[in-house]
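Structure first, commentary second.
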Amino acid sequence: MILYTIMPEHLVFPVDAAAYEKQKLVHYEGIPLLVQMTDTGEYEIVQNLSTNPYHFLNAKYAPGVRFPVSFATS
């Protein structure tokens with residue numbers, strides 16, 4: 001079956017609610033980020049929530065990047 005839609009995949013096929021419970025909103029260097037805790041005790045960026053386009057161009061704030069918990073503020 002092929003599904004043609006303009007909706008993103010995560011809206012058509014939602015993930016378990018338990019996956020969202022692991023995520024947390026933090027500020028890293030003043031930038032709001034949605035992160036999740038890794039097995040190594042670090043935060044991994046899930047989504048950049050900034051409204052500044054330059055924050056999206058900086059690879060330092062890209063999804064998948066990890067940083068220590070001590071660098072984040074709530």
Would Leu25 and Leu33 satisfy side chain to side chain contact (heavy atoms under 4.5 Å, CB included), going step by step from the backbone distance to the final call? CA-CA 6 Å; Leu25 175 67; Leu33 301 169; 6.0 Å; no

Worked check of side chain to side chain contact (heavy atoms under 4.5 Å, CB included) between His55 and Asn48: CA-CA 8 Å; His55 294 159; Asn48 185 337; 3.9 Å; yes

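Counting only heavy atoms from C-beta outward, the side chains of Val35 and Val26 approach each other to under 4.5 Å. Looking at heavy atoms from C-beta onward, Arg66 lies in side-chain contact with Thr38 at the 4.5 angstrom threshold.
In this structure, Leu34 and Gln23 approach most closely via the heavy-atom pair CD2-OE1, 3.4 Å. Of all heavy-atom pairs spanning Met37 and Val69, the tightest one is CE-CG2, 3.8 Å.
Residue-environment remark: CZ (Phe71) stays at or below the threshold of 12 foreign heavy atoms within 6.0 Å.
Of the inter-residue distances, the one linking Phe56 atom CZ with Ser50 atom OG reads 6.0 Å to the nearest 0.5 angstrom. Taken from CD in Glu44 to OG1 in Thr40, the straight-line distance is 9.0 Å, to the nearest 0.5 Å. Note that the CG atom of Asn58 and the CD1 atom of Ile31 stand 7.0 Å from one another [nearest 0.5 Å].
If you chain together hydrophobic residues whose side chains sit under 4.5 Å apart, Met7 and Leu3 fall into the same group. Cluster annotation: Leu49 is not connected to Ile45 through the hydrophobic network of ILVMFWY side chains, with a link wherever side-chain heavy atoms come within less than 4.5 Å.
Separation of the Tyr28 and Phe67 ring centroids falls under the 6.0 Å cut-off.
Between the side chains of Lys24 and Tyr43, a donor-acceptor pair is found at a separation under 3.5 Å.
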